[in-house]
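The structure appears right after this line, and notes come after that.
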Amino acid sequence: MSHYSRRGFLKLGASVGVTLTATFGSTRLVRAEWSDEAAGRIEAFPLDSVRLTPGIFREQADINERFLDSLVVDRLLHSFRINAGIPSTATPYKGWEDPTCELRGHFSGGHYLSAVALASATSGNSTLKAHGDKLVAGLAQCQKKIGSGYLSAFPLDLFENLVQGKPAWAPFYTYHKIMAGLVDMHQFAGNTDALQIAEGMASWGAEFMGGFGIDQRQRMLRNEYGGMSEVLVSLAAITKKDRYLGAARLFEQPGFLDPLAERRDELQGLHANTHVAKIIGAARTYEVTGDCRYREIAEYFLAEVLTARNYVIGNTSLDEYWKTPPNHLNGTLAWANAECCVAYNLMKLQRHVFSWTGDARWMDQYERTLFNCRLGTQNAQGLKQYFFPLASGCYRAYNSPDESFWCCTGTGAEEFAKFTDTIYFRRGRDIFVNQFIASTCDWKEEGLVLEQVTQFPREQGTTLKIKTSHPALRTIHVRIPGWTTENAQVKINGRPLDAMADPGSYLAIRKIWADGDTIAISLPMVLHQEPLLGDDSISAVLYGPLVLAADLGAGPTDRPMKVIHGRGTEPKDPPAPLPLPKTAVPPSIGTGQWVQVDSPSGLRFTVDGEGAKYQLMPMYQIADQKYSVYWQMQSASKLS
Ligand SMILES: [Zn+2]
């Protein structure tokens with residue numbers, strides 16, 4: 001989240017269009033073949049079709065739901081009511097929801113609504129749905145009292161400041177969150193009132209922005225405006241009303257989009273999260289209008305950020321910004337790396353681009369971010385991280401239960417409510433298995449249930465079980481991730497296939513699937529390393545998709561250093577970075593020669609470093625320890 005006052009990743013060679021065939025009984029394997037004509041044909045299953053079964057994701061989703069349930073609707077509504085002139089005696093929340101904060105309402109009427117809508121759809125949590133319905137009813141009263149369609153927890157003054165070029169934190173950013181929450185309550189929780197309220201807000205926003213000439217609008221759009229274009233395009237798609245597409249165009253910035261359309265990286269100096277949201281708007285615009293320029297912008301942007309600006313955990317940014325030229329992350333390891341909202345939005349963008357292309361590299365990258373930069377960013381109380389420190393010797397810090405309400409509290413609450421949304425996609429009668437997460441997919445129209453049984457990543461593979469009352473010919477596409485080896489293997493009903501897709505692609509298995517059929521997929525993990533962009537002497541180690549972190553001992557036990565109160569997003573005195581642990585080997589030495597796998601299922605590793613021995617574990621398992629993700633590959637004295 002920006003403030004007005006300051007403010008190897010993956011194999012690009014993942015081949016598309018290459019055909020691999022083999023035969024196995026009635027099974028015919030064909031590597032997915034895609035073209036532009038396939039755009040939009042792969043889609044996610046409805047959220048209520050997929051359920052998590054016991055495992056690490058279900059555990060984390062349950063924690064998040066308990067956190068959401070702990071919040072009180074009348075307290076969330078307080079500032080909205082006061083702003084509308086409706087009395088409220090509730091105690092308002094603090095931090096970014098404090099009645100004096102210019103972002104108030106972003107979480108309480110926005111992220112919270114999205115999160116409970118998602119949770120009610122993905123887990124059937126009726127209590128959270130009831131909280132969401134009550135909140136929507138309260139917001140409806142506020143909007144009606146104001147009378148113009150405008151709905152916010154703050155008065156119009158902040159928008160006036162925007163017009164006059166005076167300081168205003170981010171009024172449209174907040175406005176977007178509320179609209180998005182309402183649209184989600186309509187789409188995922190079936191609340192029809194929520195759609196009406198969102199339409200009223202859209203009309204006010206369109207009238208307000210439409211009242212200015214293009215130059216004035218462009219000046220105003222220098223202020224962070226979140227996903228205004230995305231939500232307006234989505235509203236157009238839901239309501240079939242073209243006027244919302246016109247409204248979305250009012251939130252378009254040629255100065256930002258044009259260089260991307262020409263495949264130029266001019267991102268240095270820009271605020272990361274502000275701009276990823278704009279690209280999601282471009283992606284939705286392509287999907288709804290078919291204008292390929294927006295698709296080209298989105299695809300170029302995503303590939304550029306992931307190849308030229310990403311850390312090994314699958315996220316980007318320093319102090320929330322892109323501060324360096326492409327491919328130069330040297331010198332940027334710090335406490336304030338990788339704002340968690342950016343990971344949330346990049347993953348959202350990856351889902352869009354994957355749905356157009358079917359290209360496995362986007363799901364490889366999604367997995368990288370999911371396991372390393374989302375899993376692990378919530379503690380046992382449901383509190384979330386803001387930054388993801390990558391300097392050595394840092395530790396995780398979290399928002400307080402009721403005194404923070406950062407943007408990352410909000411996107412985290414949404415993320416942990418929607419783990420099911422990307423596991424399976426479909427096209428026609430075909431299924432895509434994108435992620436290896438214990439779950440079931442109930443495709444009612446087809447009379448088919450796909451159960452995924454796995455302890456991944458403790459288990460190096462997964463098993464899919466088919467339950468159906470009427471056998472049918474269909475293709476099941478299984479991602480063979482780029483990190484696995486040529487020893488990956490698939491067995492159908494216990495019999496191994498004699499052919500396999502390359503790592504970094506989808507294996508397409510076409511046959512008449514009958515009740516009781518099984519697909520067992522073995523995906524061997526190996527150690528590999530990935531240098532920091534711009535400095536080959538600094539590397540991170542991965543085991544399969546998992547970033548391994550060195551355990552550097554206990555972190556602080558005092559709560560102020562671990563749980564951040566008030567509006568700040570870092571501890572008051574974050575620790576000074578320690579020197580990176582040293583491996584005493586040059587970068588040319590292969591990973592397997594300096595990292596020892598102690599327990600593949602326990603995910604424990606050892607490094608005999610220079611002057612010390614280190615225990616390593618997956619980054620997502622680091623809770624309270626100090627850690628280092630990166631290694632100095634040779635002693636500093638040997639470096640020029
Ligand atoms: Zn954030």
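- Listed here is the closest heavy atom pair of Met185 and Asp133: CE-OD1, 3.3 Å.
- Taking every heavy atom of both residues into account, Ile178 and Ser152 meet most closely at CD1-CA, 4.2 Å.
- Residues satisfying the ring pair (Phe, Tyr, Trp, His ring centres under 6.0 Å) criterion with Tyr398, sequence neighbours excluded, are absent altogether.
- One side chain, Arg351 or Thr422, offers a donor N or O that lies under 3.5 Å from an acceptor on the other.
- Between Leu542 and Glu530, some side-chain heavy-atom pair lies under the 4.5 Å cut-off.
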### Message
Checking Val342 against Val276 for the side-chain contact (heavy atoms from CB on, under 4.5 Å) test, could you report, in this order, the C-alpha distance in whole Å, the side-chain angles of both residues, the deciding distance, and whether it holds?
### Response
CA-CA 7 Å; Val342 182; Val276 184; 4.2 Å; yes
### Query
Stepwise, does the side-chain hydrogen bond (donor to acceptor under 3.5 Å, both in side chains) test hold for Gln378 with Gln60?
CA-CA 8 Å; Gln378 169 180 263; Gln60 293 297 314; 3.0 Å; yes
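- A search for side-chain hydrogen bond (donor to acceptor under 3.5 Å, both in side chains) contacts involving His131 returns Asp69, not counting sequence neighbours.
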### Task
Quick one: do Asn310 and Asn315 satisfy side-chain hydrogen bond (donor to acceptor under 3.5 Å, both in side chains)? Show the steps, please.
CA-CA 5 Å; Asn310 233 21; Asn315 197 2; over 6 Å; no
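- Remark: the Arg368 side chain and the Gln365 side chain contain no N/O donor-acceptor pair separated by less than 3.5 Å.
- Asp184 and Ser114 form a side-chain donor-acceptor contact under 3.5 Å, judged by distance and modelled atom types alone.
- Of all heavy-atom pairs between Ser400 and Leu383, the closest is C-CD2, 4.1 Å.
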### Query
side-chain contact (heavy atoms from CB on, under 4.5 Å) between Glu252 and Leu257: does it pass, once the steps are laid out?
CA-CA 8 Å; Glu252 197 166 295; Leu257 298 179; 3.6 Å; yes
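- Ring geometry, His271 versus Tyr321: the interplanar angle exceeds 60°, so the pair is classed perpendicular (tilted spans 30 to 60°).
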### Task
Walk me through it: do Trp335 and Tyr395 pass the test ring pair (Phe, Tyr, Trp, His ring centres under 6.0 Å)?
CA-CA 9 Å; Trp335 177 280; Tyr395 52 87; 5.2 Å; yes
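- The aromatic rings of Trp322 and Phe301 sit perpendicular to each other, their planes meeting at more than 60°, with 30° as the lower class boundary.
- Considering only residues two or more places apart in sequence or on other chains, Asp62 meets the side-chain hydrogen bond (donor to acceptor under 3.5 Å, both in side chains) condition with none of them.
- Nearest approach of Ser120 to Phe188, heavy atoms of both residues: OG-O, 4.3 Å.
- Between Arg104 and Asp98, none of the side-chain N atoms (NZ, or NE/NH1/NH2) sits under 4.0 Å from a carboxylate O, so this pair counts as no salt bridge.
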### Task
Take His275 and Phe256 through the ring pair (Phe, Tyr, Trp, His ring centres under 6.0 Å) test and state the conclusion after the steps.
CA-CA 9 Å; His275 289 83; Phe256 170 58; 4.6 Å; yes
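- The pair Asp551-Lys626 fails the salt-bridge criterion, with no side-chain N (NZ, NE, NH1 or NH2) lying under 4.0 Å from an Asp/Glu carboxylate O.
- Heavy-atom neighbours of Lys323 NZ from other residues, nucleotides or ligands within 6.0 Å: above the threshold of 12.
- Contact of the Ser108 side chain with the Leu77 side chain is not registered, since no non-hydrogen atoms from C-beta on lie closer than 4.5 Å.
- The line from SG of Cys373 to OH of Tyr344 is 14.5 Å long, rounded to the nearest 0.5 Å.
- Legend: salt bridge (Lys or Arg N to Asp or Glu O under 4.0 Å) pairs involving residues 408-418, not counting sequence neighbours, sorted by first then second residue: Arg374-Glu415, Glu415-Lys418, Lys418-Asp421.
- The ring of Tyr173 has its center no closer than 6.0 angstrom to the ring center of Tyr225.
- For Tyr366 and Phe371, the distance between ring centers is not under 6.0 angstrom.
- The cationic atom of Lys384 (NZ for Lys, CZ for Arg) lies less than 6.0 Å from the six-membered ring centre of Phe416 and within 45° of the ring axis.
- With sequence neighbours left out, Phe107 forms a ring pair (Phe, Tyr, Trp, His ring centres under 6.0 Å) with Phe405.
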### Audit row: Phe172, Phe251, side-chain contact (heavy atoms from CB on, under 4.5 Å) steps and yes/no
CA-CA 10 Å; Phe172 268 120; Phe251 291 88; 3.7 Å; yes
Under 3.5 Å, side-chain donor or acceptor atoms of residues 154-161 against the rest of the protein: list the pairs with distances, not counting sequence neighbours.
residue: Asn161; atom: ND2; partner: Pro167; partner atom: O; Å: 3.1

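- Taking a cutoff of 4.0 Å between a charged side-chain nitrogen and a carboxylate oxygen, Lys562 and Asp624 qualify as a salt bridge.
- Other residues, nucleotides and ligands contribute only 12 or fewer heavy atoms inside 6.0 Å of the CD atom of Glu207.
- Partner Glu230 forms a salt bridge (Lys or Arg N to Asp or Glu O under 4.0 Å) with one of Lys278, Arg284, Lys348 and no other, that one being Lys348.
- For the pair Asn337 and Thr332, the tightest heavy-atom approach, listed with the atom from each and the gap, is ND2-O, 2.9 Å.
- When all heavy atoms of Thr569 and Trp96 are compared, the closest pair comes out as CG2-CZ2, 3.9 Å.
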